[in-house]
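What you see is a predicted model; the values in this text were computed from it and never measured.
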Amino acid sequence: MQKESVLSTSSPHRRTSHTTKRRVAGVALVGVSALLAAAVQSGAASAAPEQAPRAGRVNPGAVSVKLSASQRAELIRDADAAKATTARDLRLGAGESLVARDVMKDADGTVHTRYERTYQGLPVLGGDLVVDTSKSGRTGHVYKATNASLKVATLKPAVAADSAEKQALSAAKAAGSKRTAADRAPRKVIWAASGRPTLAYETVVGGLQDDGTPNELHVITDAATGKKLYEYQGIETGIGNTQYSGQVTLTTTQSGSTYTLNDGARGNHKTYNLNRGTSGTGTLFSQSSDTWGNGTTSNAATAGADAHYGAAETWDFYKNTFGRSGIKNNGVGAYSRVHYGNAYVNAFWDDSCFCMTYGDGSGNADPLTALDVAGHEMSHGVTSNTAGLNYSGESGGLNEATSDIFGTGVEFYANNSTDVGDYLIGEKIDINGDGTPLRYMDKPSKDGGSKDSWYSGVGNLDVHYSSGVANHFFYLLSEGSGAKVINGVSYNSPTSDGLPVTGIGRDKALQIWYRALTTKFTSTTNYASARTGTLAAAGELYGTTSAEYTAVANAWAAVNVGSRPGGGGGGGTSFENTADVSIPDNGPAVTSSVTVSGRTGNAPSNLAVGVNIVHTWRGDLQIDLVAPDGSTYRLKSTSSSDSADNVNTTYTVDASSEVANGTWKLKVQDKAAQDTGYIDSWKLTFP
């Protein structure tokens, strides 16, 4: 279950490591039989279509088709019926099984099936994956939340379940909950979202958080040691006379002389009045007149009209922009609840009720029912039913940013003259009491807490602040850097590397993000793998030689995620190898080569070595740079304390004693057992 609020909370989440998928040059993580062999031999599998689309135009074959509820259900049934064969083809281990959760289909017949995984009947948290299957039945790309082998020594816990429950209650109490018992007794799971897969307990504590927001704290406890492995909050916090959007048309239902806020055109989405309550459904808005609210808080139906309008615009945005029919893509509407609590300054999405809930703000004067907030909250539901991004660490930041991105898309889509489209989040609800918005996408740090660019500790921040990196990326991809005025709002977006970014337009940026979310991202996607996924999406939609593809790489580099094509355009020259090279577990060293030519004299004293390795436990790795004459430069040593995954780092080497031209090698050896990975790419940059 997932619930998301639009505001930040006071307690930061710790950062956990997440596995990075391959970028577009080697995006197929694992494939079926012959494909796997081909990928290992060639070291690369292109995510580009066979024939690149015309410049600036979407490849029509990569566009998702609209599926009826019965078509979608049939595809899921087909996937479930073939799950045993699929598991064998993917070379999953003994005891592993798949459960089909979602499916999307492209116009060219490619089917993207999202699976959950079990091990010996236990759910595997962080074991989800997406399998792409062509029209001919050939498996193409597989995106996995973890690369680690599911090998657990025993399924018998050494720690009692009640100990795990006590730990969960203690964690909830520290976060402000008054709950004295777990909502759900601890259940045995396999925790695979970070580090080595481990037998664990998952305990869920409900009740209320200290600000009145419903609580759904998930605590993961190591069943062998009793150590807390992870925790995340399942509450993910974001004619009618409306308060924020002026007079609008609402779709309602009439029965006799009574009208209700029931939208029969959009999956029967209903809007209810909680009337200051904090539980239950409340009362469906109904009256004898089909005019709702008076534009002020003096009429309870005003907030209902705002919420109902926001839900309708969000439904239409997803339907007309992406061909998506409702949050679950099954044609079924959610429902909205307004007037939650007393002076509750937040809004949230709750998977358990499949509903959105809005408080009335400070002094009950500013209900959080603005258009972009409605789009934000419903988009949490879309994320939950697609990638399922964990609501903590970098994946949590991506979860929040996704809602900001699509909430912004809803606001622009609505084209409402009273609430014009902008790249400000919550500018209408006056959370700060001074007329300033909640968040800024062009320069997230303007809110005082969000970050403009990625750094190694960004995952330690509250997810509403770590989301700034992706929000900034999306703005740059859409509009570009520098000063500009859009719909009367002034923006001035910086870049971390000081180089400009040219935008491709919001419509294209939205298509790229949606395709990445629904066909590339998994529960553990972090910023590095979000770059991978969006590049793959851009390559499929527009081609890997397109301006759109280059813009995605440039926009990520501008927020310090990855590098610019060709070394950043700062006068340097880069030589890169994007072929994938498998790294044997606890085995011999492997190498990947680049040939440098056209240089004169020796290499520089500040030779930049960019290394991108996907691995489930990078502490196992020893990495060296080998010069053309065989001289070796140590880049990274093994370390038992380096428990994170992946290597995505640029090292600086004094290679001034080496001749520049010749064959340079990256040498990598895995020197400990259990974890696996591969060299995704590496490059040398001569300043």
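- Remark: of the listed residues Asp680, Ile583, Thr649, Ile583 is the sole one forming a side-chain contact (heavy atoms from CB on, under 4.5 Å) with Ile613.
- Separation of atoms CD (Gln120) and OG (Ser97) is listed at 8.5 Å; rounding is to 0.5 Å.
- Minimum heavy-atom separation, Thr524 to Gly126: CG2-CA, 4.3 Å.
- Partners of Lys636 under the salt bridge (Lys or Arg N to Asp or Glu O under 4.0 Å) rule, at least two apart in sequence or in another chain, are Asp642.
- Ala148 and Thr146 get closest at one heavy-atom pair: N-OG1, 3.1 Å.
- Thr591 is not listed as a side-chain neighbour of Leu666, based on a closest heavy-atom distance of 4.5 Å or more.
- Between the side chain of Thr519 and the backbone N or O of Ala516, no donor-acceptor pair lies under 3.5 Å.
- Thr525 and Ser395 are not linked by any side-chain donor-acceptor pair at a separation below 3.5 angstrom, with hydrogens and angles left out of the test.
- Taking 4.5 Å as the limit, some side-chain heavy atom of Asp675 sits within range of a side-chain heavy atom of Arg196.
- Scored by the ring-ring contact (aromatic ring centres under 6.0 Å, His included) test, Tyr514 finds Phe322 as partners (sequence neighbours excluded).
- Rounded to the nearest 0.5 angstrom, Ile512 CD1 and Leu517 CG are separated by 13.5 Å.
- Counting heavy atoms from C-beta on, the side chains of Trp664 and Ser593 never come closer than 4.5 Å.
- Of the possible donor and acceptor atoms, one in the side chain of Ser496 sits under 3.5 Å from a partner among the backbone N and O of Ala558.
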Problem set entry | Intermediate values then yes/no, side-chain contact (heavy atoms from CB on, under 4.5 Å), Asp452 and Asn560 | CA-CA 9 Å; Asp452 295 336; Asn560 199 32; over 6 Å; no

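- A donor-acceptor pair shorter than 3.5 Å cannot be found between the side chains of Gln167 and Tyr201.
- For the pair Tyr143 and Thr522, the tightest heavy-atom approach, listed with the atom from each and the gap, is O-CG2, 3.7 Å.
- In this structure, the side chain of Asn612 does not engage the main chain of Ser681 through any donor-acceptor pair within 3.5 Å.
- A donor-acceptor pair under 3.5 Å links the side-chain atoms of Glu394 to the main chain of Tyr527, judged by distance alone.
- Contact of the Val130 side chain with the Val142 side chain is not registered, since no non-hydrogen atoms from C-beta on lie closer than 4.5 Å.
- Between the OH atom in Tyr455 and the CG atom in Asn460 there is a gap of 7.0 Å [rounded to 0.5 Å].
- Between Arg101 and Thr386 the shortest heavy-atom distance is NH2-O, 2.6 Å.
- Contact of the Met104 side chain with the Arg515 side chain is not registered, since no non-hydrogen atoms from C-beta on lie closer than 4.5 Å.
- Between Pro123 and Glu202 the shortest side-chain heavy-atom distance does not fall below 4.5 Å.
- A distance of 8.5 Å separates OG in Ser445 from NE2 in His472, rounded to the nearest 0.5 Å.
- In this structure, Pro197 and Val124 have side chains that are not in contact, with every pair of non-hydrogen atoms separated by 4.5 Å or more.
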For this session: Step by step, work out the side-chain contact (heavy atoms from CB on, under 4.5 Å) result for Asn59 and Leu541.
Result: CA-CA 5 Å; Asn59 171 24; Leu541 290 170; 5.6 Å; no

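- Between Gly468 and Pro444, the closest heavy-atom pair is O-CG, 3.3 Å.
- Considering every non-hydrogen atom in both Val501 and Asn554, the closest pair reads CG2-O, 3.8 Å.
- For the pairing with Glu96, the salt bridge (charged side-chain N to carboxylate O under 4.0 Å, His left out) check across Lys151, Arg91, Arg117 returns one residue only, Arg117.
- Here the straight-line distance linking atom CG of Leu125 with atom CD of Glu116 works out to 8.5 Å at 0.5 Å rounding.
- Asp624 and Arg634 are joined by a salt bridge, as a carboxylate oxygen and a charged side-chain nitrogen come within less than 4.0 angstrom of each other.
- Taken to the nearest 0.5 Å, the OG1 atom of Thr118 stands 7.5 Å off from the CG atom of Leu98.
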For this session: Take Arg564 and Leu499 through the side-chain contact (heavy atoms from CB on, under 4.5 Å) test and state the conclusion after the steps.
Result: CA-CA 10 Å; Arg564 298 208 180 214; Leu499 299 173; 3.5 Å; yes

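- When the side chain to side chain contact (heavy atoms under 4.5 Å, CB included) test is applied to Thr652, the partners found at least two apart in sequence or on another chain are Asn606.
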For this session: Go through the steps for His615 and Asn646 under the test side chain to side chain donor-acceptor pair (under 3.5 Å), then give the verdict.
Result: CA-CA 5 Å; His615 201 274; Asn646 307 322; over 6 Å; no

For this session: Could you go through the side-chain contact (heavy atoms from CB on, under 4.5 Å) check for Trp191 and Asp222 one step at a time?
Result: CA-CA 8 Å; Trp191 175 249; Asp222 191 318; over 6 Å; no

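- Taking the six-membered ring where the residue is Trp, Tyr230 and Tyr232 present tilted rings, their angle falling between 30° and 60°.
- Within the 3.5 Å criterion, the main-chain N or O of Ala672 finds a donor-acceptor partner in the side chain of Asp670.
- Lys188 places a side-chain N or O within donor-acceptor distance of the main-chain N or O of Leu155, the cut-off being under 3.5 Å.
- Trp513 has its ring centre no less than 6.0 Å from the ring centre of Phe474.
- Ser529 and Asn526 share a donor-acceptor pair across their side chains, judged by distance under 3.5 Å alone.
- Judged purely by distance below 3.5 Å, without hydrogens or angles, the side chains of Ser392 and Asn390 never pair a donor atom with an acceptor atom.
- Under the 3.5 Å distance criterion, the side-chain polar atoms of Gln622 are left unmatched by any main-chain donor or acceptor of Val668.
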